[in-house]
Structures are given as structure tokens and as C-alpha cells.
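Shown next, in C-alpha cells, is the structure this report addresses.
Note that ligands are numbered from 1 as they come in the structure, with each ligand's atoms numbered from 1 the same way.
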Amino acid sequence: MSRLRVGVLVSGRGSNLQALIEAGKDPMYPARVVMVCANRDCAALELAKKASISREVFRLANFPDRKARDLAMGNTLRMHDVELVVCAGYDAILERVFTRQFEGRILNIHPSLLPDFAGTMDAVAMALQAGVKETGCTVHLVTDDVDQGPILAQRRVEVRPDDTVESLRERIQAEEHTLLPVVVKRLAGQPLPLTL
Ligand code: GRF
């Protein structure tokens, strides 16, 4: 069985990356992470190292501008024959030069029920502050409009009266960790790129 080659973009803890790595340990799972790219040093890179996955940091400071950085990152992913890119806690906006190369092949996971609380890194805190009864997480295709691409899947999470940002984030992330591998598995079974 040939498995879908996945590249993961990270900036932080990497728990969603780890969920994909774990899923890929099952030889019957139809995808595997072959490359991890980060825009800074972060814990996620250590997880990639532990799993013996190729990894590279693309620090903006090492490039003339964002476009050059994203071009280099895209080239590296292509050198690793990456067929699907997953933004898993990646906190930079991708340049057009990158999204064009991987159009219909880039996923993002966002900790809200999009379109609610789009375009922010504080979606969990904002949901709590807004007093909503439920929030959740969304996997969507990345387009040039931040958090606006076609929605592929969502999971709902109830907001409890005694929730803190941390407790709510923990329950949302638990859903993310099962949702993301499910969506990647689904995409591995259909022709890519997806049409936007
Ligand atoms: C996740 O909650 C995801 O929804 C958001 O960033 C967080 C990344 O967490 N985009 P991790 O680095 O995967 O642990």
C-alpha cells in the first residue's frame, strides 16, 4: 500500500503532530508524516526528532522576506514528495507563493467552530469570553483568506460553567487529536488536490 506523504507545519507544542505520528504507526493507516517544518524552535521539532522524521526550521530572519521563506519551505516539502500539507499549530500566514504550489492540498486545524472566532490565535479565550454554550474545532482547507477555506470536518465541545481557558482548550484539543487523523485518512482515499 502506498501511503499519502504528509508534511506538517508547526510552531508550538506539537500535540496534533504527535496525533498524526501515532496514527501513522499503524501500517494500515494510509498516510504518514515524512517532513516537519517550523518557523521557530519549538517542542514539536523534538517530537519529530524522536520519531526520526526529517525536520527543518525556516526562521524568517534567515530570509529576505516571507515570500522567500515560504518558497524555500515549499521547495523542501516538494523535495520530500509531500502530497498533503497540514498546518498543526503553525502561527504564520502562508504566502501566495506557497498556497499556489499546494492548492487544494493544505489543511489547517482551528480551535473553534468556524466561521466563529476566525483569524485569531485566541479562539478558545474568545469563545469563553463570548459566553457561548458550545465551541469546538474545525479542519478546513487553507486558501488565501485566513480561516475561510472550505470546511472539511468539525467537532463540537460543550462549554461548562466552570471552564477556564486551559480546561476548555484541553477538551477541544482532545477532539482535535482524533479529528485530524480521521480527516487525513479520508483524504488519503480520494484524489488530491481537492477542488476549492
Ligand atoms: C491547536 O489547538 C490548533 O487548533 C491551533 O493551534 C493549536 C496547536 O496545538 N491551530 P499543538 O501545537 O498541536 O499542540
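- Ligand-side atoms of ligand 1 in range of Glu176: 1 (C), 2 (O), 3 (C), 4 (O), range being under 4.0 angstrom from any heavy atom.
- The option with the heavy atom closest to atom 9 (O) of ligand 1, from among Gln173, Arg13, His110, Glu175, is Gln173.
- Proximity of a side-chain donor or acceptor of Arg69 to a complementary backbone N or O of Phe58 within less than 3.5 Å is detected.
- For the atom pair CE of Met126 and CG of Asp116, the computed distance is 10.0 Å after rounding to the nearest 0.5 Å.
- Distance from atom 8 (C) of ligand 1 to its nearest protein heavy atom, with residue and atom name: Gly89 CA, 3.5 Å.
- For the pair Arg160 (side chain) and Lys133 (backbone), a donor-acceptor distance under 3.5 Å is absent.
- Considering backbone and side-chain atoms together, Gly12 places no N or O closer than 3.5 Å to any N or O of ligand 1.
- For ligand 1, the polar-atom distance check against Asn108 finds no nitrogen or oxygen pair separated by under 3.5 Å.
- Hydrophobic clustering places Ile109 together with Leu4 (ILVMFWY residues linked when any side-chain heavy atoms are closer than 4.5 Å, directly or through intermediates).
- In this structure, atom 14 (O) of ligand 1 lies nearest to the protein heavy atom Ser15 OG, 2.5 Å.
- When only non-hydrogen protein atoms are considered, atom 10 (N) of ligand 1 lies nearest to Ile109 O, 2.9 Å.
- In this structure, Gly14 has a heavy atom closer than 4.0 Å to ligand 1.
- One distance of note links CG of Leu187 with CG of Leu152; it measures 6.0 Å at 0.5 Å rounding.
- Taking a cutoff of 4.0 Å between a charged side-chain nitrogen and a carboxylate oxygen, Asp163 and Arg171 qualify as a salt bridge.
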